[in-house]
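Every number for a ligand or one of its atoms is a count from 1 in the order of the listing. Hydrogens, waters and symmetry mates play no part in the numbers below; they use all other heavy atoms, side chains included. Along the sequence shown, residues are numbered consecutively beginning with 1.
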Amino acid sequence: MRPVAQGERILSTDSHVIPTLPQDPAPGLPALHKAFEEAGDLGNGTLAPLAESLGVPLADLVSAATFYHYFSPDLADTDETAMCGGPVCSLTGAPREGEHAIACPGLCDHPPAQHRSGVFTASGAPKAHFEAPLPTPGERAIFPGDGFTSTETLDEYRKASGYEELLRLAHGGDLEAALETVAASGLVGRGGAAFPVGVKWRAVRDAAGDEKVVVCNADEGEPGTFKDRAILHLRPHLLLEAMAISGLLVGARTGVIYLRYEYPQAFEVLTEAIREAEKAGLLGASIDGTEFGFSIHIRRGAGSYVCGEETALLNSLEGKRPWPRERPPYPTTHGLWGLPTVINNVETLSTVPAILRNGADWYQALGLGESAGTKLYSLSGKVNRPGNYELPLGTTPRQLIFDYGGGLAEGRHIKAFTLGGISGGLLGEAELDMPLDYKAPQKLGAFLGSGGVVVLDDTCCVVDFARTCLAFYEDESCGKCFPCRIGTVRLREFLDATTGRAESTGVREADLKDISEAMAHLSACGLGQSAPMPLQALWTRFADEMEEHVNQHTCRAGVCSL
Ligand SMILES: Cc1cc2nc3c(=O)[nH]c(=O)nc-3n(C[C@H](O)[C@H](O)[C@H](O)COP(=O)(O)O)c2cc1C
Ligand code: SF4
């Protein structure tokens, strides 16, 4: 056996090397950000000395640095205002794709979003990042009460019993019983895959090795999803306490928050919250004088949707080109630097303190039917009151859109709505009464995913919307596997032609159906697997409208120039 060198990654479960955590658990991204800020670009002249100081091959660093949107001087440094070209903002009208268009920055509730020199703003809502979820009746696990009008301070959090669960457990509380409570609560991951949290945490706790890591996935790049934004900006201590509890239960002393570039204010909020907590002895080498220590580091991404995929995220943290890893091995045994790693979404983690305080039965009872707990649903598109809503898991789209979201503008009719942001499927009016949980949508080949719902009314064109989704996937495909790399281009080209933006490429519709199938089954990660879903919905649920575009060259919504 030999100890692994700093930065070396274990590639298979039978490797005879012992992974270790570098003193700085993720030095690559901050080094790239600093170099970019100082030099204004990341050309070889900037990267060569950096590669030497980090002890990595220049080729590897170039390969990593060229991956991200915001390490491009064209986008990051420009004084020009760039508009969001994403599927939700595009529903507001004018086409916003072009040289400087940006990917969705998570402000879908106030479209169109804009970017200028590292600052992201929402139309008509200067404080959008700090907006609390909209009022809903009933008990809530993450935003109880209605007092969340600005960032919660440490004092405020502690007055509401904050850090009590961490302190109870750190001072000799029953860790096994706490893990059992998390498992019994039925909490499943809120980032998309709905994996049971208790199972994941137990796997990490039981994995071989003394060093383990907790990673919080705060990448939130899915168009139509902006729920983590509310927690990150308003309840930072809730997330920090949850990460420390996770560390205590699985045996980790290090936590890393992977924060999307597009939330710069959250970086400030979290940095200040960590400082406050460390000063109060609630984070750091020894929590409240106990033997348990837990430190949290924040690492900012640099603009890339696929970095939200958990293994791409790990590569990004390790300073590598952030494309997804092959699995198995899974992060629970071979995560950051090859160490057993918990990776959970912001919302998932932030649910845990309330579960421990109130018990598994309490949490179970918050959900509807067989579902456990509440869910933060992000509602956007053609609806009167877009925003985040914390509601019982299993609420229906009809309730979310009409009872809470205020319905549609007068005289308008619902045509379609998405699930999972955009990656969970494009559904129609007939599906308005299906529970938004982790089982019912699957019967229709759809997924709740991260819980974003985008509404399209009769002024929208579903074909054009699907085209914008495909353009997004094409831009964000990491290119590692060919079904996704080539398939996203072919499907987007077809939809370009169908919506009158380009000449037909001559690929037959039957072949495009085959390409879609191949993408869904053979792509290496969820991006390529989900990308064909909007087009597949046009062939099934919206066949009439598709037929009008393809054969009659008409767009009933008047959006496409046919
Ligand atoms: C393309 C892609 C993007 C993803 N983006 C995110 C993201 O931004 N945030 C997130 O929590 N999970 C995201 N996921 C899911 C993660 O891979 C992973 O399932 C999740 O972080 C696990 O945490 P959870 O169990 O708490 O949901 C993404 C998955 C894919 C395939
Ligand atoms: S499916 Fe797409 S994003 Fe995922 S690994 Fe393959 S090319 Fe990359």
Side-chain angles (χ1 to χ4, degrees), residues 67 103-106 182 187-201 203-204 214-229 231-232 239 242-243 246 256-263 301 303-316 321-327 330-332 335 341-352 375-376 378 420-424 438 447-452 472-489 491 518-532:
F67 193 88
C104 173
V182 173
L187 174 64
V188 298
R190 298 316 203 213
F195 192 80
V197 178
V199 174
K200 186 181 281 188
W201 288 15
V204 174
V214 174
V215 173
C216 169
N217 189 340
D219 201 45
E220 193 155 72
E222 179 74 39
T225 304
F226 42 89
K227 69 194 177 64
D228 297 339
R229 187 189 79 194
I231 301 172
L232 293 163
L239 177 61
M243 288 180 73
S246 174
V256 183
I257 301 174
Y258 188 93
L259 178 66
R260 72 180 311 205
Y261 177 82
E262 288 85 346
Y263 291 165
S304 158
Y305 166 61
V306 80
C307 281
E309 194 283 334
E310 59 186 15
T311 58
L313 185 155
L314 293 173
N315 278 343
S316 177
R321 189 169 178 82
W323 43 29
R325 298 175 180 175
E326 275 92 53
R327 289 173 296 174
Y330 292 94
T332 44
T341 302
V342 164
I343 305 185
N344 274 129
N345 170 259
V346 173
E347 181 187 355
T348 314
L349 287 162
S350 303
T351 306
V352 170
K375 175 81 193 78
L376 269 172
S378 298
I422 58 168
S423 298
Y438 294 105
F447 305 93
L448 177 62
S450 56
F472 170 79
Y473 291 126
E474 178 188 350
D475 280 352
E476 299 296 329
S477 166
C478 79
K480 184 182 169 187
C481 63
F482 72 84
C484 169
R485 181 178 68 233
I486 301 169
T488 50
V489 180
L491 301 192
M519 288 171 72
H521 293 110
L522 302 175
S523 295
C525 88
L527 190 154
Q529 290 157 10
S530 310

Problem set entry | Ring centers of Tyr438, Phe447 separated by less than 6.0 Å | no

Problem set entry | Minimum non-hydrogen distance to atom 21 (O) of ligand 1, winning option of Val215, Asn217, Val342 | Asn217

For this session: Mind checking whether Asn345 contacts ligand 1 via backbone (N, CA, C, O), side chain (CB onward), both or neither, at a 4.0 Å heavy-atom cut-off?
Result: both

Problem set entry | Listed protein N/O/S atoms, distance to atom 6 (Fe) of ligand 2 under 2.8 Å | Cys481 SG

Problem set entry | ligand 1 N/O within reach of Asp228 N/O, cut-off under 3.5 Å | no

Exercise. Does the pair Lys480/Glu326 count as a salt bridge with the N-to-O cut at 4.0 Å?
Worked result: yes

Problem set entry | Contact check: Tyr305 vs ligand 1, nitrogen or oxygen atoms, below 3.5 angstrom | no

Exercise. Quick check: does Gly191 get an N/O under 3.5 Å from an N/O on ligand 1?
Worked result: yes

For this session: Among all protein heavy atoms, pick out the one at the shortest distance from atom 18 (C) of ligand 1; state its residue, atom name and that distance to 0.1 Å.
Result: Glu310 OE1, 3.5 Å

Seminar exercise, completed: Quick note on ligand 2: atoms under 4.0 Å from a heavy atom of Val306 include exactly 3 (S)

Exercise. Tell me: protein heavy atom nearest atom 29 (C) of ligand 1, and distance?
Worked result: Glu309 CA, 3.7 Å

Exercise. Is Arg260 salt-bridged to Glu220, going by a charged N under 4.0 Å from an acidic O?
Worked result: no

Exercise. With only distance considered, is Ala193 within less than 3.5 Å of ligand 1 through an N or O on each side?
Worked result: no

For this session: Identify which one of Thr351, Asp228, Asn217 satisfies the side-chain hydrogen bond (donor to acceptor under 3.5 Å, both in side chains) criterion when paired with Asn345.
Result: Asp228

Problem set entry | Contact check, Arg190 vs ligand 1, heavy-atom distance below 4.0 Å | yes

Problem set entry | Heavy atom of the protein closest to atom 14 (N) of ligand 1 (residue, atom name, distance) | Gly308 O, 3.3 Å

For this session: Verify the distance criterion only: is there a donor paired with an acceptor across the side chains of Glu222 and Ser423 at less than 3.5 Å?
Result: yes

